[in-house]
Undergrad: 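Quick one: this structure, given as structure tokens, is what I'll be asking you about.
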Amino acid sequence: MLVKYKVEKSDDKRSEKGIKVSFDELFVVLGYTSRGNITHYLLNTYTFPSYYQEDELEIIDPRKSSFWEVRNTEDAVENYFPEWYEKNFYRNLDNYAPRECHIISSYVDFLIREYPQPFLTMALPWEEKWHICPHCNHIWEIYSSWGLIRCPRCYTKLNNPLYQQDRLRISSEMSFLRVMKQYQNCPFDPVTQTYEKKKRH
């Protein structure tokens, strides 16, 4: 899901914390919470993920991420990547814990690349997995299944003709996130810069 910030002038309190966004700026949605008719979207603002109401945003791509998991509470519907629901995730992130910061940056990258985008050009098929960049005519072999790819010469974002959504969860990037589960639900100490290991029962 992609959105644009549509408020031209704002007295937003979030700016006091260094969280600043610009009019017409494009963001990937990391997840959202809906209560009744009100939805708050979690955006990948540059300093720290932050919530914005739907009336502040214009939805550019409404497709929900396949990485999100839906959870229902008594008064809300939540839709986020699974690590967001961990007991200590947000507190660790607020302390700039390395695992949580890496997970956030990884999902920003995943959600940007997850789907092909109608406003981008498709890489041109040549033979089998070989493709041509329509901008610089570079020819290279594509192994990725993600919706968006980059030309290795000019770095232009392109739609991937070999896009396969069902293969994204077995990509090497997702495998690395699974390795990091050893610190799942472990509180992070910002003073010692270490995780408290889970106690065995």
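Bear in mind that the values here come from a model prediction, so they are computed numbers and not experimental data. For this chain, numbers begin at 1 and follow the sequence in order. Hydrogens, waters and symmetry mates are skipped; everything else that's a heavy atom, side chains included, is used.
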Undergrad: Please report the shortest heavy-atom distance between Pro116 and Arg63, naming the atom on each side.
TA: O-NH2, 2.7 Å
Undergrad: Is any side-chain heavy atom of Leu26 closer than 4.5 Å to one of Leu2?
TA: yes
Undergrad: Taking transitive links into account, so neighbours of neighbours count too, which hydrophobic residues share a cluster with Val70 at under 4.5 Å side-chain distance?
TA: Val77
Undergrad: Decide yes or no for Tyr41 and Ile59: does some side-chain heavy atom of the first lie under 4.5 Å from some side-chain heavy atom of the second?
TA: yes
Undergrad: Please report, to 0.1 Å, the donor-acceptor pairs under 3.5 Å made by any side chain of residues 126-133, with sequence neighbours excluded.
TA:
from: His131; atom 1: ND1; to: Lys129; atom 2: O; distance (Å): 2.9

Undergrad: Hey, could you give me each pair passing salt bridge (charged side-chain N to carboxylate O under 4.0 Å, His left out) that has a residue in residues 97-107? Not counting sequence neighbours.
TA: Glu86-Arg99
Undergrad: Work out which heavy atom in Phe27 is nearest to a heavy atom in Thr45; give both atom names and the distance.
TA: CE2-CA, 4.0 Å
Undergrad: Test side chain to side chain contact (heavy atoms under 4.5 Å, CB included) on Trp84 and Arg71; report intermediate values, then the result.
TA: CA-CA 11 Å; Trp84 185 258; Arg71 297 197 182 184; over 6 Å; no
Undergrad: With sequence neighbours left out, which residue pairs that include part of residues 30-40 fulfil the side chain to side chain donor-acceptor pair (under 3.5 Å) condition?
TA: Tyr32-Lys64, Tyr32-Asn79, Thr33-Tyr80, Ser34-Thr39, Arg35-Asp75
Undergrad: How many angstroms lie between OH in Tyr163 and CD1 in Ile149, if you round to the nearest 0.5 Å?
TA: 13.5 Å
Undergrad: Decide yes or no for Tyr115 and Gln165: does some side-chain heavy atom of the first lie under 4.5 Å from some side-chain heavy atom of the second?
TA: yes
Undergrad: State, with a plain yes or no, whether a side-chain heavy atom of Leu158 is found less than 4.5 Å away from one of Leu120.
TA: no
Undergrad: Quick check: do Ser50 and Leu43 have side-chain heavy atoms less than 4.5 Å from each other?
TA: no
Undergrad: According to ring-ring contact (aromatic ring centres under 6.0 Å, His included), who are the partners of Phe188, at least two apart in sequence or on a separate chain?
TA: Tyr195
Undergrad: Could you tell me which residues satisfy side-chain hydrogen bond (donor to acceptor under 3.5 Å, both in side chains) with Gln117, sequence neighbours excluded, listed by chain and number?
TA: Asp61
Undergrad: Judged by atom type as modelled, is there a donor-acceptor pair below 3.5 Å linking the side chain of Tyr85 to the main-chain atoms of Glu69?
TA: yes
Undergrad: How long is the gap from CD1 on Ile112 to OG on Ser65, to the nearest 0.5 Å?
TA: 12.0 Å
Undergrad: Can you confirm whether Lys87 is buried at NZ, in the sense that more than 12 heavy atoms of other residues, nucleotides or ligands lie under 6.0 Å from that atom?
TA: no
Undergrad: Run the numbers on Leu57 and Lys6 for side chain to side chain contact (heavy atoms under 4.5 Å, CB included), then give the verdict.
TA: CA-CA 5 Å; Leu57 307 169; Lys6 66 178 186 180; 5.6 Å; no
Undergrad: Could you grab the distance from atom CG of Asn185 to atom CD of Glu196, nearest 0.5 Å is fine?
TA: 12.0 Å
Undergrad: Please name the pair of heavy atoms, one in Cys186 and one in Asn92, separated by the smallest distance, quoted to 0.1 Å.
TA: O-ND2, 2.8 Å
Undergrad: Look up atom CG in Leu93 and atom CZ in Arg91, then write down how far apart they are to the nearest 0.5 Å.
TA: 12.5 Å
Undergrad: Are Leu111 and Val29 close enough, and set up right, to give a side chain to side chain contact (heavy atoms under 4.5 Å, CB included), and what steps lead you there?
TA: CA-CA 8 Å; Leu111 300 181; Val29 177; over 6 Å; no
Undergrad: When you compare the side chain of Phe81 with that of Phe89, does any pair of heavy atoms fall below 4.5 Å?
TA: yes
Undergrad: Provide the full list of side chain to side chain donor-acceptor pair (under 3.5 Å) pairs with a residue in residues 144-161, sequence neighbours left out, each pair given once.
TA: none
Undergrad: Indicate yes or no: at least one non-hydrogen side-chain atom of Tyr107 is less than 4.5 angstrom from one of Glu83.
TA: yes
Undergrad: For the residue pair Asn44 and Pro49, establish whether any side-chain heavy-atom pair is separated by less than 4.5 Å.
TA: no
Undergrad: Could you list all the salt bridge (charged side-chain N to carboxylate O under 4.0 Å, His left out) pairs where at least one residue sits in residues 106-116, not counting sequence neighbours?
TA: Asp109-Arg113, Arg113-Glu173
Undergrad: When clusters are formed from ILVMFWY side-chain contacts under 4.5 Å, directly or step by step, what else is grouped with Ile38?
TA: none
Undergrad: Could you tabulate the donor-acceptor pairs under 3.5 Å formed by side-chain atoms of residues 136-143, not counting sequence neighbours?
TA:
from: Glu141; atom 1: OE1; to: Tyr143; atom 2: OH; distance (Å): 2.9
from: Glu141; atom 1: OE2; to: Tyr143; atom 2: OH; distance (Å): 3.2

Undergrad: Among residues at least two apart in sequence or on other chains, which ones pass ring-ring contact (aromatic ring centres under 6.0 Å, His included) with His135?
TA: none
